[in-house]
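Sequence lines set the chain letters: A, B, ... in the order given, protein chains first and strands last, and positions in each chain run from 1.
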Protein chains: 2
Amino acid sequence: MRNSVKASATRKKLLDAGLKLISKRGYLGATTKDIAKKAGVAELTLFRHFSSKELLFQEIINSYTFLPALKGLLPEIKELEYREALLMIADKFLSRLYERRDLIRIMQSEMHLYPSKVKDIYQDFIGGVYQTLASYFRELQGSRGMLRDFDPEYGARAFLGMFFSYFSVHELMFRKDAMPLEEGKLKTEYVDIFIKGTMR
Amino acid sequence: MRNSVKASATRKKLLDAGLKLISKRGYLGATTKDIAKKAGVAELTLFRHFSSKELLFQEIINSYTFLPALKGLLPEIKELEYREALLMIADKFLSRLYERRDLIRIMQSEMHLYPSKVKDIYQDFIGGVYQTLASYFRELQGSRGMLRDFDPEYGARAFLGMFFSYFSVHELMFRKDAMPLEEGKLKTEYVDIFIKGTMR
DNA sequence: AAATGATGTTAGTGCTTACTTACTCTAGCA
DNA sequence: TGCTAGAGTAAGTAAGCACTAACATCATTT
């Protein structure tokens, strides 16, 4: 019986092991032997599930897509205070990055392998967040006149950029190093700067 | 005669070719054969100059260090208007990143090979910029009372983070794609948000 | 009880890689 | 003119890689 419970469990173990090893050592540095070992199966089993290493890699990238980050959140956010809304967005955004840190690391270091695929994933994720945030800003500028007249696209990039670069440096590069940055304080400091910087 | 003109020219060609190829394909993906070919010399010549591929890699990382980015700039900046100062800092910071984009890409994707070395380089560069910027903020908060009472360390990270993530996404990830972001506008929008966000 | 589907074990193939050996060529300097 | 430093050419080595072939084991299903 194709796709039995056992088979798809093995499959998942291989995808997990592949994701972790490739994110740690890169596509070339993660050998099929090691991936199989990490998954707790024989190397041959890897090839029985994925006919080549490259195919395994593509399925890893495909299967671990991003959940929609903020898209449906816009109505909910509109009900909040500006400050609470920004804090919530920062929170959700960082959580999504953490959840997918292995995949993001792969995208950053192996993007020359499948540039267009990586770009698609990126657009789905970050692009969606940009849009949501930008249209939130536009709303607060227009009907309510609460925010000053900055470009909402650039504003969204500025806001998310602060958090993305924090994530990039501390989570992707120096995860294990003790860096004395307290994330709660970081969020409020960043949000405060941004609030003052964008309000009328 | 060791270190003749010819020899050190060849050496430099190899370092340059290695930097470019490794930044493009990764350490494992850039073969000694291809590096030599790109440098326009025989593969054997590579091994006569650097006894192993790993040693070549280490010398690449060592030789292409960052120039001090802002360190000596503090006195000069203090004479400027706040807005002009921030624009200048953004400018210099982005220029340094552009100058060293190949090395930064290598640091990001191969940092698992020599984490401590990469960390040192990072500290020398970004760390120095943080300090300079943070002490500039502290100055404007204290003696002149011009800026409000935000944490200067976090402020520096927020400011540089906006620009680093722009660089990271557009220069490291999607260099070749047409992305309709105009850098001049980006700088002024970001700086404006930050100015309003930090002034008393 | 027999068939089947999923995995394991072992031994291998052909290819590529970093790196070596041995020898030749050439330009510049003593 | 001859020596030498630096580079080239060609052939090869040992190891590691993705991937395969042949056969065995075992649980589940029929």
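Residue Leu44(A) is classed as a base contact, given a heavy-atom separation below 4.0 Å to a base. Residue contacts shown for Gly29(B) are absent, as no nucleic acid heavy atom lies under 4.0 Å away. Here Ala30(B) lies in heavy-atom contact (under 4.0 Å) with sugar-phosphate atoms only.
Regarding contacts with the backbone of dG6(D), a side-chain N or O of Ser4(B) is found under 4.0 angstrom from either OP1 or OP2. Between His49(B) and the phosphate of dG6(D), there is no side-chain N or O to OP1/OP2 separation shorter than 4.0 Å. Contact annotation: Thr45(B) side-chain N/O to dG8(D) OP1/OP2 distance is under 4.0 Å.
Residue Arg48(A) places a side-chain atom within donor-acceptor reach of the base of dG8(C), judged by atom type and a 3.5 Å distance cut-off alone.
Between Asp34(B) atom CG and dT17(C) atom P there is a gap of 7 Å when expressed in whole angstrom units. With rounding to whole Å, Leu21(A) atom CG is found 11 Å from dA18(D) atom P. For the pair Ile35(A) CD1 and dG16(D) P, the interatomic distance rounds to 18 Å; values are reported in whole Å. Atom NZ of Lys53(A) is separated from atom P of dT16(C) by 15 Å (rounded to the nearest Å). In this structure, Arg25(B) atom CZ and dT16(C) atom P are separated by 15 Å, rounded to whole Å. One atom, CZ of Phe47(A), and another, C1' of dT9(C), lie 16 Å apart when rounded to the nearest Å. Regarding Ile22(B), its CD1 atom lies at a distance of 10 Å from the P atom of dA18(C), rounded to whole Å. Lys33(B) places its NZ atom 8 Å from the P atom of dT16(C), with the value rounded to the nearest Å.
Side chain of Ser168(A) to backbone of Phe164(A): no donor-acceptor contact under 3.5 angstrom is found. Of the possible donor and acceptor atoms, none in the side chain of Asp34(A) sits under 3.5 Å from a partner among the backbone N and O of Ala30(A).
Relative orientation of the Tyr154(B) and Tyr190(A) rings is perpendicular, given thresholds of 30° and 60° on the angle between their planes. Relative orientation of the Phe125(B) and Phe93(B) rings is parallel, given thresholds of 30° and 60° on the angle between their planes.
Counted by atom type alone, Tyr64(B) and Glu99(B) present zero donor-acceptor pairs between their side chains at under 3.5 Å.
Listed candidates were dC19(C), dG8(C), dT9(D). Nearest to the side chain of Val41(A) is dG8(C). Closest to the side chain of Glu43(A), out of dT9(C), dC19(D), dC19(C), is dC19(D).
Nearest-nucleotide assignment on DNA chain D puts the 5′-proximal partner with Thr10(B), out of Thr10(B) and Thr31(A).
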